[in-house]
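Before any comments, here is the structure.
It should be emphasised that the depicted structure is a prediction, and the values quoted were computed from it without experimental measurement. Just so you know, these numbers use all the heavy atoms, side chains as well, and skip hydrogens, waters and symmetry mates. Proteins come first, then strands; the chains are lettered A, B, ... in the order of their sequence lines, and each starts at number 1.
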Number of protein chains: 2
Amino acid sequence: MGQTHINNNIRTLRFHKGEMTQQTLADEVGVTRQTIVAIEKGKYSPTLELAFRIAGIFEVPLTEIFTYNSAEDKFKKRNQNLR
Amino acid sequence: MGQTHINNNIRTLRFHKGEMTQQTLADEVGVTRQTIVAIEKGKYSPTLELAFRIAGIFEVPLTEIFTYNSAEDKFKKRNQNLR
DNA sequence: ACACAATGTCAAATATAGTATACATTGATT
DNA sequence: AATCAATGTATACTATATTTGACATTGTGT
């Protein structure tokens with residue numbers, strides 16, 4: 001899949017939350033730091049469950065952290081003329 | 001992982017959306033019917049990207065389809081005394 | 001300049017999401 | 001009762017999310 005069509009502002013939120021480090025965020029949501037790095041950079045799309053956990057830590061709604069750019073979605077592009 | 005802690009009302013939404021079938025929903029979001037079945041039944045947690053696509057089809061916010069039951073989350077349970 | 005904490009990155013392994021195929025069951029229609 | 005569409009389920013397979021471990025880089029403090 002390579003890159004996703006999902007943007008996030010985890011990095012910003014980490015700093016709002018008292019300079020929270022990648023490692024401590026990783027610990028709090030129960031994944032490794034590499035996973036946080038990959039998600040922050042949009043390398044892949046996290047599981048919905050993980051996304052909810054992250055939102056829980058920052059105490060903001062999921063959709064305020066992650067936004068979906070449907071315009072870039074290849075599958076939708078392929079199908080939008082069929083609908 | 002077995003079962004997740006995420007609930008959804010996809011089934012209800014399918015019927016609100018003119019008796020939309022599992023198969024057509026699957027086609028519209030670009031996965032197989034089996035994937036829709038598994039998600040409807042909470043067998044596993046979909047990718048955030050797929051969750052967004054489903055929300056897009058029903059034209060409702062993601063958080064209105066999927067809700068997270070943090071109380072049942074094993075990882076959170078394990079850690080709630082540490083925070 | 002040295003040390004250290006935080007971050008970026010890479011490659012190989014494991015776990016889980018998603019596919020393909022096939023078959024059983026239920027409900028509606030004729 | 002036969003047919004057909006929609007759904008549930010199972011198993012083996014593929015793709016991708018996540019882990020593990022290791023090392024490079026950047027920035028800050030001393």
Next on the checklist: From CZ of A:Phe15 over to C1' of C:dA5, roughly how many Å is that when rounded to an integer?
Outcome noted: 12 Å
Next on the checklist: Tell me the interatomic distance from B:Leu50, atom CG, to D:dA17, atom C1', rounded to whole angstroms.
Outcome noted: 14 Å
Next on the checklist: For a quick test of reading the model: is some side-chain N or O of B:Gln22 closer than 4.0 Å to OP1 or OP2 of D:dG8?
Outcome noted: yes
Checklist entry - Rounded to the Å, how far apart are B:Glu40 CD and D:dA6 P? => result 14 Å
Item to check | A:Glu49 CD - D:dT18 P separation (whole Å) | outcome: 10 Å
Next on the checklist: Could you check whether any side-chain N or O of A:Asn8 sits under 3.5 Å from a backbone N or O of A:Ile39, counting only pairs where one atom can act as donor and the other as acceptor?
Outcome noted: yes
Item to check | Side-chain N,O (A:Ser45) to OP1/OP2 (D:dA17) below 4.0 Å | outcome: no
Item to check | Closest nucleotide among C:dG18, C:dA6, D:dA17 to the A:Thr21 side chain | outcome: C:dA6
Next on the checklist: Would you compute the distance between atom OG1 of A:Thr47 and atom OH of B:Tyr44 and round it to the nearest 0.5 angstrom?
Outcome noted: 11.0 Å
Checklist entry - Sub-3.5 Å donor-acceptor pair from the side chain of B:Arg53 to the main-chain atoms of B:Val29, do we have one? => result yes
Checklist entry - How close or far is atom P of D:dT7 from atom NZ of B:Lys41, stated in whole angstroms? => result 12 Å
Checklist entry - Could you state the CD1-P distance from A:Ile36 to D:dT18, rounded to the nearest angstrom? => result 9 Å
Checklist entry - To the nearest angstrom, how far is A:Ile39 atom CD1 from C:dG8 atom C1'? => result 16 Å
Next on the checklist: Using a 3.5 Å distance criterion without hydrogens, assess whether the side chain of B:Ser45 forms a donor-acceptor pair with backbone atoms of A:Glu49.
Outcome noted: yes
Item to check | Side-chain N,O (A:Arg11) to OP1/OP2 (C:dG8) below 4.0 Å | outcome: yes
Checklist entry - Between D:dT7, C:dT7, C:dT19, which nucleotide gets closest to the side-chain atoms of B:Tyr44? => result C:dT19
Next on the checklist: Within the 4.0 Å heavy-atom criterion, would you say A:Thr35 contacts the bases, only the backbone, or no part of the nucleic acid?
Outcome noted: base
Item to check | Which residue lies more 5' along DNA chain C, comparing B:Arg33 with B:Pro46 via nearest heavy atoms | outcome: B:Pro46
Checklist entry - Do any side-chain nitrogens or oxygens of B:Lys43 fall under 4.0 Å of OP1 or OP2 in D:dG8? => result no
Item to check | Rounded distance [0.5 Å steps], CD in A:Glu59 versus CD in A:Glu64 | outcome: 12.0 Å
Item to check | Any B:Arg14 side-chain nitrogen or oxygen under 4.0 Å from OP1 or OP2 of D:dT7 | outcome: yes
Checklist outcome for this item: Regarding the side chain of A:Gln34, the nearest nucleotide among D:dT18, D:dT20, C:dT7 is D:dT20
